[in-house]
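Reviewing the structure listed below.
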Amino acid sequence: MERLFSRRLAWTTAENDLARAEAAARASGRPLLDLTVSNPTQVGLHYPDEEIARAFADAATNPYQPSPLGVPSARAAVVADYARRGVGLDVNQVALTASSSESYALLFKLLGDPGQTVLCPEPSYPLFEYLARLESLIPRPYRLRFDGLWHIDFDSLDFTDVAAIILVSPNNPTGSFVSREDFDRLAGLAAEHGHALIVDEVFADFPLGPSADAVTAVAGRPSPSLVFSLGGLSKSCGLPHLKLGWIATTGPDALVRGALARLELIADTYLSVGTPVQMALPGLLQAGASVRRQILERVQRNRQALVKALGAHSPCTLLPAEAGWCAILRVPEIMSDEAWAGTLLEQDGVLVQPGYFFDLTMGATLVLSLIVQEPVFAEGVARLLARVAAT
Ligand SMILES: Cc1ncc(COP(=O)(O)O)c(C=O)c1O
């Protein structure tokens, strides 16, 4: 078997204890309060179905004209969406993909040779490990440190044989935007070492308030290094099932041109983005605004409900966040985060993610999704806090 299949797939696929316990609870028919849901189509939002259908009405019958980086009208719609966020781009700086995950895959092909390293932030979204290894690259973590705000720990960056540097802003699950100071320093180091930055901004449309010191749109900030900023319908418009993401490329002109010419070749090999969703994109970006508004309101209301439920004297602490769909709750360190998540599932029927899933290393932390329906969230939090009080 080992000789038959690629070594890229050699990571462990063993199910963890929590996943096993969840599967058993679901199989037994036990109702669960799921505070891990991250799929916006499953949390009772009102989708503008007619507007979405109208956007697709003419799109499916268009003749097929392969355009590797995306049809011009769709790329122009992405440029207009960046303008909404105050960023001026040219259509030639934009490439369309089927998702942000595919954006990573294309960029890893563009930037890396097998065996090279991708610098990945920690704590962060755990999929980078898989995305890098599937392109025969090796993830190497660098740390983010918390002192009330999250900062890049520059001492933890090791630039040996690096293919690319990933930054997630706002980061998932910490909800932290990269600060101007950290971005400029990282972009400077990237340029000095001849590397590109891949900045995942898929949650940038969900700020919780003004962030004076933050880079809220990386594509709008000058950089001496090449910067790929990732976005997509999945989070920005709550439409993950329509499969459309984008890459905005900024930095020195010659590097941007060189990158796009090569990206075109890679994308031409797959032509993975469907024509109908590209033709529908201007309408979808408009329709998606109402979904985005609902998600942001939901996130803000659930966060406020959590603050209220915690009150002034709780043994739990809610970590501050500037954006995003998650809350990180520090719970008493009388057991591990994994044990807390297991206890909440077994005893209370409440599903949460332990912080270690995201490489959070500060004591015992639980990660709660804030896009969950409000009554479910409130009941789940009430049970969680009652369990903490009783333990
Ligand atoms: C930080 C981050 N980037 C990318 C993705 C994946 O986005 P997409 O659905 O566009 O592949 C996620 C999904 O949760 C995410 O959390």
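For ligands, and for the atoms within them, numbers begin at 1 and follow the listed sequence. What you are looking at is a predicted structure, and each value in this text was computed from that prediction instead of being measured. Throughout, residue positions are numbered sequentially from 1 according to the sequence presented.
- With distances taken over non-hydrogen atoms, the option nearest atom 5 (C) of ligand 1 out of Phe358, Tyr125, Phe128, Trp246 is Tyr125.
- Distance from atom 13 (C) of ligand 1 to its nearest protein heavy atom, with residue and atom name: Lys235 NZ, 2.9 Å.
- Scanning all protein heavy atoms for the shortest distance to atom 9 (O) of ligand 1 gives Ser234 OG, 2.9 Å.
- Closest to atom 16 (O) of ligand 1, if we only count protein heavy atoms, is Asn172 ND2, 2.8 Å.
- Ion pairing between a basic and an acidic side chain is recognised when a charged N comes within 4.0 Å of a carboxylate O; Arg84 and Asp205 show such pairing.
- Counting the atoms of ligand 1 from 1 in the order shown, those under 4.0 Å from a heavy atom of Ser101 are 6 (C), 11 (O).
- Remark: the Ser229 side chain and the Tyr82 side chain contain an N/O donor-acceptor pair separated by less than 3.5 Å.
- A salt bridge between Arg20 and Asp17 is present, with a side-chain N of the basic residue lying under 4.0 Å from a carboxylate O of the acidic one.
- Figure legend: cation-pi geometry between Arg185 and Phe154, with NZ or CZ positioned under 6.0 Å from the six-membered ring centre and within 45° of its axis.
- Judged by the shortest distance from any of its heavy atoms, Phe203 lies inside the 4.0 Å radius around the atoms of ligand 1.
- In this structure, a donor-acceptor pair under 3.5 Å is absent between the side chains of Ser38 and Ser369.
- Considering backbone and side-chain N/O of Tyr104, none are found under 3.5 Å from N/O of ligand 1.
- At a heavy-atom distance under 4.0 Å, atoms from both the backbone and the side chain of Ser100 approach ligand 1.
- Ion pairing between a basic and an acidic side chain is recognised when a charged N comes within 4.0 Å of a carboxylate O; Glu379 and Arg383 show such pairing.
- Taking every non-hydrogen atom of Asp200 and a distance limit under 4.0 Å, the qualifying atoms of ligand 1 come out as 1 (C), 2 (C), 3 (N), 4 (C).
- Close contacts between ligand 1 and Val202 involve ligand atoms 2 (C), 3 (N) [criterion: under 4.0 Å to a heavy atom].
- Salt bridge absent: Asp359 and Arg143 never bring a charged side-chain N and a carboxylate O closer than 4.0 Å.
- Note on ring orientation: taking the six-membered ring where Trp is involved, the planes of Phe146 and Trp150 are tilted (angle from 30° to 60°).
- A heavy-atom separation below 4.0 Å is not found between Glu102 and ligand 1.
- Against a heavy-atom cut-off of under 4.0 Å, Ser99 is close to the following atoms of ligand 1: 10 (O), 11 (O).
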